[in-house]
Structures are given as structure tokens and as C-alpha cells.
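Protein chains get the first letters and strands the later ones, always in sequence-line order, with residue 1 at the start of each.
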Protein chains: 2
Amino acid sequence: MATAPNIRRPDALTLEVVELIGDVVARFYEDYEEAAGEHALTGAQARLLSMLSLEPLPMRKLAQKLKCEPSNVTGIVDRLEARGLVERRPDPADRRVKLAAATEEGSRVARELRDGLRFAREPLAGLTDEERLSLRDLLRRMLTT
Amino acid sequence: MATAPNIRRPDALTLEVVELIGDVVARFYEDYEEAAGEHALTGAQARLLSMLSLEPLPMRKLAQKLKCEPSNVTGIVDRLEARGLVERRPDPADRRVKLAAATEEGSRVARELRDGLRFAREPLAGLTDEERLSLRDLLRRMLTT
DNA sequence: TATTGTTATACTCTATAACTATA
DNA sequence: TATAGTTATAGAGTATAACAATA
């Protein structure tokens, strides 16, 4: 039964796991978009706000993290700023840089957003500690490959 | 007791696993968008085309599967049809319905797209059969919770 | 009357290129 | 000259509402 993994032609088990991962990805995304929508945020706005709730970041850095062009960040921050969730601050060290930062209200929304994510939390509650440890290690290994 | 009734606060391990799942989701999405881009397809176009590569579907059904409004499907199918990857066919049973179907070329592109997905396949090659079985069971349980 | 697909409209996200103000 | 952020532009996805053809 212990057939060696064939890289060129994935075996049935690998294909099944790939499909399961696809299902998890779909569920996670739906859940995220739904949680964002409950706060009248788009997915991009929610992701950017979540980043800023940890620490203020230059526009350039936000573009790198969101994997989009810096010009797009301008608009997303504009809309969040218009709602009072984010503000632009000067960077004392470099006057070219603008630091985007979550306001108090923005941090509150980001926290509610995180707490509103049901999937990837509720399902995990059905697993034992040992199983969660096992899952953690497997996911870690996948991400470092 | 003055304690609030059973508010679940995820432990550190659960939070770590949630974050790891988020990382996997991000990696999977990047990989999918990249694979789509290599065929000059957007993510939505690639997802729709992949669905049609299995079987022709009514526009309405596509909207349900993509979780978007039917009016959006019109445009996505329009663009795929303009490139000869998809075609609209009448439904003999109901003249209101239009069946979207992948052309031969469309099926070929969908196949290449699927084969081009590196993540969720290469990382799995680094796991043993036993580990993949374990991962499969854990993911299954998460999805049925 | 209800349903299917489309059109029209408006908003957001996206990449590209040109611009400004700093460095 | 190079970099950070912005603006302008165009294409794509999205939801909403109104519409024609068909059931």
C-alpha cells in the first residue's frame, strides 16, 4: 500500500487531498468575504485593515503584502479613511513616506472581523488537541516545502 | 458564577492552526491566479472554464456555483466565448435556457490549467503516504463539521 | 405570473503609465 | 537619479434594477 509518491503523476490520494484543500480554501474565502460584508467592507479592504490593526505600514509595504500595485493601495486606503477606519501619518524619518494606520474605530472593526470568522475555528473545535497538533505540523511542512 | 456563559476563546494552538490555514489559502490562491494568468485568464474566467470542462451548465447554474449574480456570468462567458474557449448552446428542453459549454480548445486549456497548479501538489510530495492519509482525514473532518 | 438570460448602471479592484515631492 | 505616493486611464468583476423571451 505504501507506494512512493510520483511527482509527475499524482496518485489518487494526493489528488483527493488537493481537492480537499481546494474545498477548504473555498470555505475559508466565503467565510472571510461574508464576515467582511457584515461590516460593509470588501475583501481587499478587510485584508488591508487587518494588516494595519497589527502595526502602521507605508503604502509601499501594503502593496507588497497585498501583492498588488502601489497605485491600488491609494484607493483602498482612501475609502477606509473616508469611513474613519484608517488614517495617513507622516513618517518622521522620510518625508516621502506616508504611514497608513488603523484608527481606534478601525482596530475595533478589525477585531470584530477576526472574531466573526467562523470557519477554520469552529471546525477545529471538533478536533482533539492531538489532532490539532498533527494538523499544525502537516500544514507547517506543506508551507515550507 | 459571574462568568459569561460558555464564550469560546480559542487556545493558542487553535489560533496557530487558523493562521496556518490562512497561509495555505493565500498560497493556493496565488498559485491559482498565477496559473490562470499564464493562460491570459482571470481567476473568475479560470474557475468558470474549469466548471464547464466537466459538463455544460445553464448560465443560472454557473452563477450559483460561482456565488455571484447571473448578470455577471453573461460578461464572463462573453469574454471566454470571444476567445473560442466556450460556446452557448440552446437547451432542447427549455428555450429560455442557454447552456454554456467548453469548446475542445477550452477543455484543453482547462486541463493545462489544472496541471499547472503547483501548490497543493508539490508540497504534498514531501509527505509520506501515512501523513497524506492523516491530512486527508483531518481535512475531511473539518469540512463536515 | 414566474423564470432565464440579458442590458444598463454604478462601484471596486486591478495594472500601466505619467506625474510630484522628496531623497 | 532613484524612490514613495498619487493621478489618470482602461479593463474586469460585482450587485442592483429593468427588460424581452419563454414557461
- How long is the line joining CG of A:Leu57 and C1' of D:dA4, in whole Å?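 My rounded result for the distance is 14 Å.
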
- Could you check which residues of residues 75-91 of chain A get a heavy atom under 4.0 Å from DNA chain C? Sort them by number, please.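 A:Ile76, A:Arg79 - these, ordered by number, are the residues of the stretch whose heavy atoms sit under 4.0 Å from the strand.
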
Check [Y] with [X], please: is the shortest side-chain N to carboxylate O separation under 4.0 Å?
| X | Y | value |
| --- | --- | --- |
| A:Glu112 | A:Arg114 | no |
| A:Asp78 | A:Arg88 | yes |
| A:Arg141 | B:Glu131 | yes |
| A:Glu16 | B:Arg140 | yes |

Could you list, one pair per line, each protein nitrogen or oxygen that sits under 3.5 Å from a nitrogen or oxygen of nucleotides 17-23 of chain D, together with the distance?
{"unit_1": "D:dA23", "atom_1": "OP1", "unit_2": "B:Arg95", "atom_2": "N", "d": "3.0"}

Taking the side chain as every heavy atom from C-beta outward, state whether [X] and [Y] have any pair of such atoms under 4.5 Å apart.
| X | Y | value |
| --- | --- | --- |
| A:Arg60 | A:Pro70 | yes |
| B:Leu62 | B:Leu52 | yes |
| A:Leu99 | A:Leu57 | no |

- Message: One pair to check against side-chain contact (heavy atoms from CB on, under 4.5 Å): B:Leu135 and B:Leu124. What are the steps and the verdict?
- Response: CA-CA 10 Å; B:Leu135 182 57; B:Leu124 291 177; 3.8 Å; yes

- Message: Rounded to the nearest 0.5 Å, what separates atom CG in B:Leu85 from atom CD in B:Glu81?
- Response: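 So the CG of B:Leu85 and the CD of B:Glu81 are separated by 10.5 Å.
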
- When rounded to the nearest 0.5 angstrom, what distance separates NZ in B:Lys67 from CG in B:Asn72?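 Between B:Lys67 NZ and B:Asn72 CG, I get 14.5 Å after rounding to 0.5 Å.
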
- Query: For A:Glu19, which residues count as a salt bridge (Lys or Arg N to Asp or Glu O under 4.0 Å) partner, sequence neighbours excluded?
  - Reply: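 Applying salt bridge (Lys or Arg N to Asp or Glu O under 4.0 Å) to A:Glu19 gives none.
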
- Item | Verify same cluster id: B:Val18, A:Leu49 (apolar side-chain graph, 4.5 Å) |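 Unlinked, B:Val18 and A:Leu49 end up in two clusters.
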
- List the steps and the verdict of salt bridge (charged side-chain N to carboxylate O under 4.0 Å, His left out) for B:Glu105 and B:Arg83. CA-CA 10 Å; B:Glu105 168 77 356; B:Arg83 288 180 52 185; over 6 Å; no

- Give me the first and last nucleotide of DNA chain C, going 5' to 3', that has any atom under 4.0 Å from a heavy atom of chain A.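 Here the contact window of chain A covers C:dT12 to C:dA23.
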
- Pull out every residue in residues 33-44 of chain B that has a heavy atom closer than 4.0 Å to any atom of DNA chain D, ordered by number, or say none.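 Going residue by residue through residues 33-44 of chain B, the ones with a heavy atom under 4.0 Å of DNA chain D turn out to be B:Thr42, B:Ala44.
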
- Message: Near DNA chain D, counting only heavy atoms under 4.0 Å, which residues of residues 58-67 of chain A show up?
- Response: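 The stretch gives A:Pro58, A:Met59, A:Arg60 as the residues lying under 4.0 Å from the strand, ordered by number.
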
- Message: Go through it in stages, so that I can follow the logic: the residues are B:Glu104 and B:Arg108, the test is salt bridge (charged side-chain N to carboxylate O under 4.0 Å, His left out), and I'd like the CA-CA distance, side-chain angles, deciding distance and then a yes or no.
- Response: CA-CA 6 Å; B:Glu104 200 171 323; B:Arg108 191 179 59 73; over 6 Å; no

- Closest-nucleotide 5' rank along DNA chain D - winner of B:Cys68 and A:Asn72: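 In this pair, the answer is A:Asn72.
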
- Query: Is there a donor-acceptor pair closer than 3.5 Å between any side-chain N or O of B:Arg132 and the backbone N or O of B:Leu127?
  - Reply: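 Here the side-chain-to-backbone pair exists.
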
